[in-house]
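As structure tokens, the structure follows; a few thoughts come after it.
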Amino acid sequence: MPYNEEIMQELNVLNLFNLNTTQEGIKVHSSAQSEVIAATQRLFDKGLITQHDGGYLTPLGHDAAESTQTLLTILITESRL
């Protein structure tokens, strides 16, 4: 299944989290782009974050954000072959 726009927005929101600490969350304000607000709500509905407008990562959310951020790092790093 290819990534669609909704999944891409959710991945972008997960990339906003600082994985170096569990004490830092995010807040998506009502003035944010509607796509970001909707993606954040979907992540909350899926149990990946603690609040509908951001909050903190749940344990499952931390795993998802870690995978997302690792994949992004791999994809943007120049090939060393």
Side-chain angles (χ1 to χ4, degrees):
M1 177 175 136
Y3 294 147
N4 61 33
E5 188 59 33
E6 287 185 351
I7 295 294
M8 293 301 296
Q9 288 296 335
E10 292 172 19
L11 294 172
N12 286 333
V13 172
L14 288 172
N15 278 326
L16 297 174
F17 284 91
N18 179 356
L19 298 178
N20 295 321
T21 179
T22 59
Q23 302 300 311
E24 186 177 322
I26 66 167
K27 170 74 172 162
V28 176
H29 295 277
S30 60
S31 61
Q33 293 178 341
S34 61
E35 297 87 4
V36 174
I37 294 170
T40 306
Q41 179 66 52
R42 288 192 303 275
L43 292 172
F44 173 70
D45 294 341
K46 293 175 182 180
L48 299 178
I49 57 178
T50 60
Q51 300 290 320
H52 70 93
D53 60 352
Y56 300 95
L57 292 167
T58 64
L60 180 60
H62 188 276
D63 290 345
E66 186 173 52
S67 295
T68 298
Q69 292 181 25
T70 298
L71 178 60
L72 183 60
T73 299
I74 291 168
L75 293 175
I76 64 174
T77 302
E78 287 188 36
S79 176
R80 295 186 181 128
L81 298 178

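Closest heavy-atom contact between Phe44 and Thr50: CE1-O, 3.3 Å. Annotation for Thr21 and Glu24: closest pair CG2-CB, 3.5 Å, computed over non-hydrogen atoms. Taking every heavy atom of both residues into account, Leu14 and Ala65 meet most closely at O-CB, 3.8 Å. What you find for Thr22 and Tyr56 is that their closest heavy atoms are O-CD2, 3.7 Å.
Between the Glu6 side chain and the Ala38 main chain, no donor and acceptor come within less than 3.5 Å of each other.
Follow the hydrophobic side-chain contacts under 4.5 Å out from Val28 and you reach Leu16 in the same cluster. In the hydrophobic clustering of ILVMFWY residues, with side-chain heavy atoms under 4.5 Å counting as a link, Phe17 and Leu71 come out apart. Note on Met8 and Ile37: separate hydrophobic clusters, where clusters join Ile, Leu, Val, Met, Phe, Trp and Tyr whose side-chain heavy atoms are under 4.5 Å apart, directly or indirectly.
Rounded to the nearest 0.5 angstrom, Gln23 CD and Asn18 CG are separated by 11.5 Å. The line from CZ of Arg42 to NE2 of His52 is 15.0 Å long, rounded to the nearest 0.5 Å. Annotation: the span from Leu75 atom CG to Thr70 atom OG1 amounts to 11.0 Å, rounded to 0.5 Å.
At least one side-chain heavy atom of Val13 sits less than 4.5 Å from a side-chain heavy atom of Ile26. A heavy-atom distance below 4.5 Å is found between the side chains of His62 and Leu19. Contact check for Asp63 versus Leu57: no side-chain heavy atoms found under the 4.5 Å cut-off. Under the 4.5 Å side-chain criterion, counting only non-hydrogen atoms from C-beta, Thr58 is not in contact with Ile49. Residues Lys27 and Asp53 form a side-chain contact, since some pair of their non-hydrogen atoms from C-beta on lies under 4.5 Å apart.
In this structure Glu5 satisfies the side-chain contact (heavy atoms from CB on, under 4.5 Å) test together with Gln9, sequence neighbours excluded.
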